[in-house]
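In what follows, a single structure is set out as structure tokens and then discussed.
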Amino acid sequence: MILIVRHRTQTPSLPGAREIREILKILLYNPDNGVTRNFMPHLWMFLLQSLTPTGHDVVLIDGNAQPMDEAGIARYVLEQKIDLVGIGAMTRMIAKAYRMADAVRAVGIPVVMGGPHVTEMADEALGRDGGPRHADAVALGEADDTWPRIVEDAARGKLRDVYAPVDAFGQELKPSLKQYPVIPWDTIDLKQFNLVPKSAKHWLQKIGEGWGTFRIVPVESGRGCPYGCEFCTVTGFFGDSIRFRTNESVVNELLLLKARARKERGQIAVFFIDDNFAINIKRTKSLLRDIIAAGAQVNWVAQISANLLRDQELVDLIAASGGKWVFIGMESIDPVNLKDVNKGFNKPEEYAAVLQRLAQRNVYAITSFIFGMDNDTVGAAERTLEQVRTWPPGLPIFGLLTPLPGTPLLKRLADAGRLTRPKHWQEFIPFAMAHTPLKMSIAEAHAEVKYGWSHAYGPEAIAQAVDSLADQPLGYRINIFIARMCFRGIYFPMLGRFAWWKVISENRQTIFKLAKQGVEAWWDSRTKAEPAPATSAGD
Ligand code: B12
Ligand code: SF4
């Protein structure tokens, strides 16, 4: 094993310690999802970077923004003299994560893995289940408190296999979030996360307040969700005790982001990644009021369950504080399905009213649906789309019921012998079932998802969504058009230039229409701004 020793220093975090440690150069890496470029970086990297004991050097690579293969990462870690690699991944990226970890370990550099998948499948990552070992160490659960320890152990060359967030008595410890670190958004290198193409940056900087950069940044205001939906890992992972950052800490983070965008003549939007941003309505309202009072409004997106959006005042505050899109896990329009997956608190009969309430305040919804549930039959996608077409325009997304490690769903299906690919993540296939639904075949479930995406994101559906906002300012129509183009990429691979040209060509009529309206609006604003010609007294 190659050990790269560079600098040596006293350990500052251990008062009085005489131990010698290395100063590490650490790479935090998140694998690409293999389908599309992510619109947003992953928060864990920035958080762990901020929690790294001082003195160490941390670099971040998000594979979605900087694609890399196994040979590429091996070369990179050697060239950059990286001493420790931290890899985080969801289940769907875990096979790639393991391959990248193997490549790093093969050149003698230790790998620590963390995140929701390895928390549930630590033995798999450590090669204790009969398979190959991929990680030198695994961080279980929330690593806010264990990460500094991991780094110090690695610096002393004494990495342990497993790091669990527990107290001296073995009781699980959850970070309270009251002492949340300041993520230095004003200085972090965010070049890889700019969504504005390099070629357009220069002239876009000059438009209005500036569009030279556009970034969607993840911010968390709290963790935990008590609802325990059967397919979801969140209640198991973050627990049912909900913890919040202070309003002040969130507001300061928004102000920092806003200042950065202003400085570089760009735009910033925030994704509040809390699983249920309004889980405690009173606290959410107080946060939104503080955001407004501090002038910290940025355009934001958040996940909020439909039942919490009954509150008019909350919806008013969402709009006033910069909320533009709300992600709603509708899952199904069938109450039987919802009850089956322990999500009976979703009431399909109120979906339309919830969406209208949002749209009246110019807030639109990303509505997420799952097919392949036990009460689904052929035609589920069209039945869902029939409803969607009657709602204000939004961004419907469609997935398949997937038994993820650590979920009650996985256990139920395994106990019933219904899993067809028990370790589906080891050979990840996008949009593929791992069990047979009760009332249709796997192939039929796949066809439902395809139908949903093709019909919600075909040129006609996109044109209809744009036209339905005809009474709104042009910006809203452009916004929904661009958002639909991007969301289309969740299902239809959009990685190459050719894929983009094809979709632009398919939607050329809508593009021409929007361009024409843009020119007309520009011309109107110019002619209205010009002073009326002077008339002679005799006229
Ligand atoms: C934001 C988000 C997304 C974003 C993308 C991710 C991004 N760019 O941030 C979007 C909206 C695109 C998304 C999509 C999906 N998501 Co998502 N997403 C989340 C969400 C809400 C927040 C993630 C986050 O930042 N959390 C906060 C950070 C601080 O927590 P964390 O990432 O877990 O990190 C902590 C620890 O895990 C650990 N850690 C993490 N990585 C590492 C690495 C090392 C080295 C170490 C030491 C520690 C460590 O330390 C961190 C601090 O404590 C989570 C739920 C949640 N609350 O986490 C779901 C979640 C991650 N998503 C999930 C899923 C299933 C999906 C989808 C597959 C859904 C679907 N059916 O389409 C898609 C696929 C994405 C894709 N194509 O790439 C699951 C993953 C479960 C699993 N076992 O993989 C989660 C947990 C939600 C759930 N319902 O169960 N998602
Ligand atoms: S409401 Fe959302 S985050 Fe909470 S358990 Fe259900 S799916 Fe998971």
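Counting starts at 1 for both ligands and their atoms, in listed order. Excluded from the calculations below are hydrogen atoms, water molecules and symmetry mates; all remaining heavy atoms, backbone and side chain alike, are included. As the structure is a prediction and not an experimental result, all values here were calculated from the model.
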Numbering the atoms of ligand 2 from 1, which are under 4.0 Å from a heavy atom of Thr235? 5 (S)
Salt bridge check: are Asp153 and Arg149 linked by an N-O gap of less than 4.0 Å? no
Identify which of Met90, Met93, Glu220, Gln303 has a heavy atom lying nearest to atom 13 (C) of ligand 1. Met90
Count the heavy atoms of every other residue, nucleotide or ligand shown that sit under 6.0 Å from CD of Glu248, and state whether that count exceeds 12. no
If you measure from the Lys or Arg side-chain nitrogens to the Asp or Glu carboxylate oxygens, is any gap between Arg133 and Asp161 under 4.0 Å? yes
Does the gap between the ring centers of Phe431 and Tyr491 come in under 6.0 Å? yes
Please state which option from Phe238, Trp147, Phe271 has its nearest heavy atom closest to atom 31 (P) of ligand 1. Phe238
Is it the case that the side chains of Asp334 and Ser332 hold a donor-acceptor pair, with the cut-off being a distance below 3.5 Å and no angle test? no
Any idea which part of Phe231 is under 4.0 Å from ligand 1, heavy-atom wise: side chain, backbone, both or neither? neither
Counting heavy atoms under 4.0 Å, the part of Leu28 that contacts ligand 1 is neither
Selection from Gly115, Ala97, Ala143 by shortest heavy-atom distance to atom 50 (O) of ligand 1: Ala143
With a 4.0 Å cut-off on heavy atoms, is Gly114 in contact with ligand 1? yes
Per-atom contacts, ligand 1 versus Cys232 - under 4.0 Å to a heavy atom: 88 (C), 89 (N), 90 (O)
Please verify whether a non-hydrogen atom of Gly406 lies at under 4.0 Å from ligand 1. no
Are Phe492 and Trp453, when compared by the centres of their aromatic rings, separated by less than 6.0 Å? no
Judged by non-hydrogen atoms, does Leu48 sit under 4.0 Å from ligand 1? yes
Closest heavy-atom approach to atom 54 (C) of ligand 1 among Val85, Asp275, Asn30 is made by Asp275
Within the side chain of Lys178, is there an N or O that forms a donor-acceptor pair under 3.5 Å with the backbone of Phe244? yes
Side chains of Tyr98 and Glu124: do they bring a donor and an acceptor to under 3.5 Å? yes
For atom 27 (C) of ligand 1, which of the options Asp145, Asn64, Ile273 provides the nearest non-hydrogen atom? Ile273
Tell me which part of Ala139 gets within contact of ligand 1: side chain, backbone, both or neither, using heavy atoms under 4.0 Å. side chain
May I ask you to check if ligand 1 and Pro116 share an N or O to N or O distance below 3.5 Å? no
Do any of the N, O or S atoms of Cys229 sit under 2.8 Å from atom 8 (Fe) of ligand 2? no
Quick one, Thr384 and Phe371 - any side-chain contact, counting heavy atoms below 4.5 Å? yes
Provide the number and element of each atom of ligand 1 under 4.0 Å from a heavy atom of Arg223. 29 (C), 53 (O)
May I ask you to test the Pro110-Arg105 pair for a side-chain heavy-atom distance under 4.5 Å? no
Do any heavy atoms of Lys343 fall under 4.0 Å from ligand 2? yes
Contact between Ser305 and ligand 2, counting heavy atoms under 4.0 Å? no
Can a donor-acceptor pair be found between the side chains of Tyr364 and Asn479 at a distance below 3.5 Å? no
Can you tell me which residue and heavy atom of the protein come closest to atom 4 (Fe) of ligand 2, and the distance to 0.1 Å? Cys225 SG, 2.3 Å
Under 4.0 Å to a heavy atom of Leu404 - the qualifying atoms of ligand 1, by number: 65 (C), 81 (C)
Side chains of Arg260 and Thr213, donor plus acceptor under 3.5 Å: no
Ionic contact status for Glu220 with Arg245, cut-off 4.0 Å: no
Looking at side-chain heavy atoms only, is the closest gap between Lys324 and Val301 below 4.5 Å? no
Note: heavy atom closest to atom 51 (C) of ligand 1, options Trp44, Tyr163, Tyr29, belongs to Trp44
Numbering as shown, the atoms of ligand 1 that approach Pro41 to under 4.0 Å (heavy-atom distance): 7 (C), 8 (N), 9 (O)
Numbered in order shown, the ligand 1 atoms found under 4.0 Å of a heavy atom of Leu43 are 25 (O)
Numbered in order shown, the ligand 2 atoms found under 4.0 Å of a heavy atom of Cys232 are 3 (S), 5 (S), 7 (S), 8 (Fe)
Provide the number and element of each atom of ligand 1 under 4.0 Å from a heavy atom of Met40. 1 (C), 7 (C), 8 (N), 9 (O)
Any N or O of Thr91 closer than 3.5 Å to N or O of ligand 1: yes
Give a yes/no verdict on whether any heavy atom in Phe237 is under 4.0 Å from an atom of ligand 1. yes
Which of the atoms of ligand 2 are close to Tyr227, meaning less than 4.0 Å from one of its heavy atoms? 1 (S)
Numbering as shown, the atoms of ligand 1 that approach Val112 to under 4.0 Å (heavy-atom distance): 45 (C)
Are the side chain of Asp62 and the backbone of Pro41 linked by a donor-acceptor contact shorter than 3.5 Å? no
Are the charged groups of Arg223 and Asp144 less than 4.0 angstrom apart, N to O? yes
A student checking ligand 1 against Gly88 at a 4.0 Å heavy-atom cut-off should list atoms 41 (N), 42 (C), 43 (C)
Got an N/O contact under 3.5 Å between Glu142 and ligand 1? no
What's the separation between atom CZ in Phe193 and atom CD in Gln66, rounded to the nearest 0.5 Å? 7.5 Å
Could you tell me whether the side chain of Arg488 and the main chain of Val503 form a donor-acceptor pair under 3.5 Å? no
Are Leu358 and Val315 side-chain neighbours, meaning at least one heavy-atom pair lies under 4.5 Å? yes
Please work out which of His42, Met45, His117 has its closest non-hydrogen atom nearest to atom 6 (C) of ligand 1. His42
Which residue supplies the protein heavy atom nearest to atom 3 (S) of ligand 2, what is that atom called, and how far is it? Asp275 CB, 3.5 Å
